[in-house]
2 protein chains.
Amino acid sequence: MAKNVTLKDVARHAEVSYQTVSKVIRGQMQVTPEVRARIDAAIDALGYRPNSAAQSLRLQASHLLGYSWQQDRQNQISPILQQFQHSMVECAEDLGYHILLFPQRPNKDLYSTYAALVETRRVDGFILSSIEYDDPRLPIIDRLKVPAVCFGRSSEDMSLPYVDIDGRAGIAEAVRHLIAEGHQRIAILAWPETSRVGTERLNGYWDAMAGANLPVDAAWVIRGAGESDYGYVAASQLLALPHDRRPTAIVTLLDIIAVGVMRAIADQGLQVGRDVAVTGFDDMPAVHYIKPGVTTLRQPVWEVGQLVIDMLVGLLKGEPLAHQHVLLPPELIVRESSQREALAQPNQ
Amino acid sequence: MAKNVTLKDVARHAEVSYQTVSKVIRGQMQVTPEVRARIDAAIDALGYRPNSAAQSLRLQASHLLGYSWQQDRQNQISPILQQFQHSMVECAEDLGYHILLFPQRPNKDLYSTYAALVETRRVDGFILSSIEYDDPRLPIIDRLKVPAVCFGRSSEDMSLPYVDIDGRAGIAEAVRHLIAEGHQRIAILAWPETSRVGTERLNGYWDAMAGANLPVDAAWVIRGAGESDYGYVAASQLLALPHDRRPTAIVTLLDIIAVGVMRAIADQGLQVGRDVAVTGFDDMPAVHYIKPGVTTLRQPVWEVGQLVIDMLVGLLKGEPLAHQHVLLPPELIVRESSQREALAQPNQ
DNA sequence: GCAAGTTAAGCGAACGTTCGCCTAATTATA
DNA sequence: TATAATTAGGCGAACGTTCGCTTAACTTGC
C-alpha cells in the first residue's frame, strides 16, 4: 500500500498551509481562484483522501452505525431482514455513514456488548430490529443514552423512535378484501401471544370482522408457531369443522404458512380460491412459483430501511425528528388464492 | 453521553504518567504491584475505555473489515450467506475486529467504491463472497494491493487466498451414495455454463459416474436456472424419456430445486425414494418440513466464515498463511428422498 | 567498591485531522 | 485621507492514543 498522502503533502505541493487546504476542501473558506486551482491540482496529483480515523478522532464521531442482526424466532426464513439491511447500507452511505455489524453472544452480558461499542466510541448510534415485548435492548439503550432507532416497536408509546410496518392495517385490509369477495366465515392462523407482531396483526383481523359486523367463531382463531407444517396442521383442523362452521377463507401471517394451508386444502379435495380462500404475508420470492399464486401483503421494507437511517442520522446531527414514530402500511397483492372466479373451471 | 474518560484522567487519578497507564494496560510494562493496583482501581473507578478512533489513528489500522453482500444470482433465497455473515461477525469480534458493510452500486464505478474505503483507511481488508468467473472485484483488489480473502473461487489458481466448499467432492459423494443404493441411471439438473459453482459441482457428477464405470446418457445432464419451477419442468422432461433411458435418480444443486423435482415425480404418480431418488444441496431449513425428507449436502458455512476471518486477520498481522487455498467438503445428509426402503408417506 | 546490567517510570513526539483566533492586505465608509 | 469593515490565509492547539528514548534507582558480578 502506498504511503499516506496527508493534508500537509497537499499543502506543500500547493504552497499554502495545510489548514487552508482542509478548510477549502470542506468549503469553509474563500480563496482566490488561483489558489483554489493550485489546491485542486495538488489533490488529484497526489491522490489525497482524508484519513477517516483522524477525522473520527477530531470530530468525535465515528460515522459508524451499529447493527446486530438476530434472526426472528417467528419466521426463520423471511428475507425481510436481508432487504432491510441492504436498504440501510445504501442509505447510510449516501449520508456518509457505514453499518458496523456486531454479534450478540447468548453467553455474554448484553449490556456490556452495547456499552463496549459506545464507550470506545466505535459507533455513533444503533439500529435495532425485531423488537419484541419487553425487549432487553430497550432499557440498555436508554441507560447508555445513545441515539438509536428501531425497526419495530414493543408498544405504542415507546421511548425510542421507531419505524414499523402496520401489520394491523395490513391484515385488516386483507380481511376486508376477503369480505368483498363474499366470504363471511374467515379464520386466522395467528402466532403465540408472546409475539407482538402476531398480536398486532390479529387485531387487524378483529377490526375488519367487527367493522363488517361479522361474528367470529372461537374456533377460527388459532395460535401456533412454525412454518408450512403449522399451516398444514391448523388448516386441516379448520376444515374438519362442521360444515356450517367451516371457514371459507383462511388468513395467515406468513406466505410459507399459507403454502401449508394450501396443501391441506388440496389434500381435502378442495380447490384453493374457489372453495377456500387463503392469504399470506411478506410476498416472499420463494413462493412466487406456487400455483395458484398466493394473495399476500408486501412489506415496504426498503422504505423502512431508508427511514430508519434518515432518522438516526438526523438524531446524530442534533436535528429534531419530524416524526418520532412512523407506521407504514403493507401493500395488498391480490393473486388467485383469494379469488373465486380466477382459474374457475366449470366443475359439476 | 458522559464526558470522555481518557488515559490522562486515569493517570491523574492513579498518580502516574498517562503513557505508563497505556503501557500497563497493554502489558508492555512491568510496574510494582502497588502501582498496578492504583491503575486498575483508577480504570474502573472512572470507567475508562480506550478510544478506538485514537487507536486507529495511531496504529494506522481501523480494525474494520469491509464486506459487501450481493445476493447470488443463481440461488436467490439460500440462507448460506446469512450464516456466513453471522459466522464472520462473531469470529471477527473474537479477534478484535468488526465487519463494515458497504454497498456496491450498479451505477457507480466498482473500483472507486473499493478505493475510497482503502484510501480513507476506513477498512484494513476485504472479504469477498460469491466469486464467479472473471469476477471484476479480483483485479480491483489486486490493483489496490489490499489484503482480502474470498469465500469461493474463480479458478484453481487464484492469486487471492480463498476458502471454498468442495462442491465437486460433495456431488460426487451424493452420486456414489445413489449408486450404492442401486441406481445406475442418474440424472443431474445443473446450472448454466456461466456458473462456476455449477460447473464445479457437475464435475463431481462426472467423476462419480466415471469412477463407477456408469455410462451417461446426454439427456440426463440438463442445464438451467431457476428454483422449484426449474426442477419441476426439468424433471418432467426426464420422466418423459423412454422407459429404458428414464433415470431412477435425479441429482439437483439446490434443495428448492429438489422440491420441484419431487412435485414432478409425485404428479407422475411415482413415489419419491422408492421409484425415483432425489438429492438436493444446502440443507435449507425452509425445506425441512417437506416429506419425504430431502437427502442433501450441508455446507460447512460456519467453518468457512471462521476460516476466512482467521486468514484475513493473519494476513493483516503479517503472518504467512498456513494454507493459501482451503477447500471444505460438504456433509452428505441422507434422508428418505434417496432411500428405497424408507417408510413411504403419501405426501407430495 | 566500582563498572555493567536490570528495572520502574517519565517524557517528547507523532498519527492526520478540524477549530478558533490572529494578521496582513484590501476595500468600503465617513 | 483617516478609519472601520471585510477578505485571504496562517498559526497554534487539541482530539486520545502508542512508540521509542531517557533517567533514576536498584541489583548483580567480580
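- H63(A) places its NE2 atom 19 Å from the P atom of dG16(C), with the value rounded to the nearest Å.
- Taking the six-membered ring where the residue is Trp, Y97(B) and H63(B) present tilted rings, their angle falling between 30° and 60°.
- For the pair R143(B) and Y111(B), the distance from NZ or CZ to the six-membered ring centre is under 6.0 Å and the angle to the ring normal is within 45 degrees.
- Place L59(B) and T32(B) on DNA chain C by their nearest nucleotides, and T32(B) ends up nearer the 5' end.
- Nearest nucleotide to the A54(A) side chain, out of dC11(D), dG9(D), dT17(C): dT17(C).
- Taking only side-chain nitrogens and oxygens, Y48(B) comes nearer than 4.0 Å to OP1 or OP2 of dT17(D).
- If you take NZ of K23(A) and P of dC19(C), they are 9 Å apart, rounded to a whole angstrom.
- The CD-C1' distance, from Q60(A) to dT17(C), rounds to 12 Å in whole Å.
- Taking atom CE of residue M29(B) and atom P of nucleotide dT6(C), one finds them 17 Å apart after rounding to whole Å.
- For dG9(D), its base never sits under 3.5 Å from the side chain of Q19(A) at any donor and acceptor pair.
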Before giving the answer on side chain to side chain contact (heavy atoms under 4.5 Å, CB included), spell out for F151(B) and V163(B) the whole-Å C-alpha distance, their side-chain angles and the decisive distance to 0.1 Å. CA-CA 5 Å; F151(B) 173 12; V163(B) 179; 5.6 Å; no
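- When the side-chain nitrogen and oxygen atoms of S22(A) are compared with OP1 and OP2 of dT17(C), none of them lie within a distance under 4.0 Å.
- Summarising the geometry, the separation between CZ on R26(A) and C1' on dG16(C) is reported as 12 Å, rounded to the nearest angstrom.
- If you measure from atom CG of D9(A) to atom C1' of dA14(C), you get 14 Å, rounded to the nearest angstrom.
- Side-chain rings of Y114(B) and F126(B) approach one another, their centers coming within less than 6.0 Å.
- Residue R121(A) places none of its side-chain N or O atoms closer than 4.0 Å to OP1 or OP2 of dC15(D).
- Distance L7(B) CG to dA14(D) P: 17 Å, rounded to the nearest Å.
- Residue Q324(B) qualifies as enclosed at atom CD: its count of foreign heavy atoms under 6.0 Å is above 12.
- At least one side-chain nitrogen or oxygen of S17(B) sits closer than 4.0 Å to the OP1 or OP2 atom of dG10(C).
- Distance from the side chain of V35(A) is smallest to dG9(D) among dG9(D), dC15(C), dT17(C).
- With dA9(C), dG16(C), dG10(D) as the choices, the nucleotide that has an atom nearest any side-chain atom of L57(A) turns out to be dG16(C).
- Remark: P of dT18(C) and CD of Q28(A) are 8 Å apart, rounded to the nearest angstrom.
- At the phosphate of dG16(C), OP1 or OP2 sits under 4.0 Å from a side-chain N or O atom of N4(A).
- Within the 4.0 Å cut-off from OP1 or OP2 of dT6(D), not a single side-chain nitrogen or oxygen of Q30(A) is found.
- For R58(B) and dT18(D), a side-chain-to-base donor-acceptor distance below 3.5 Å is present, hydrogens and geometry of angles not being considered.
- Closest contact between the side chain of N51(A) and the listed nucleotides dC11(D), dA13(C), dT17(C) involves dT17(C).
- Nucleic acid contact class of R36(A) (heavy atoms, under 4.0 Å, all strands): none.
- Atom CD of Q60(B) has more than 12 neighbouring heavy atoms from other residues, nucleotides or ligands inside a 6.0 Å radius.
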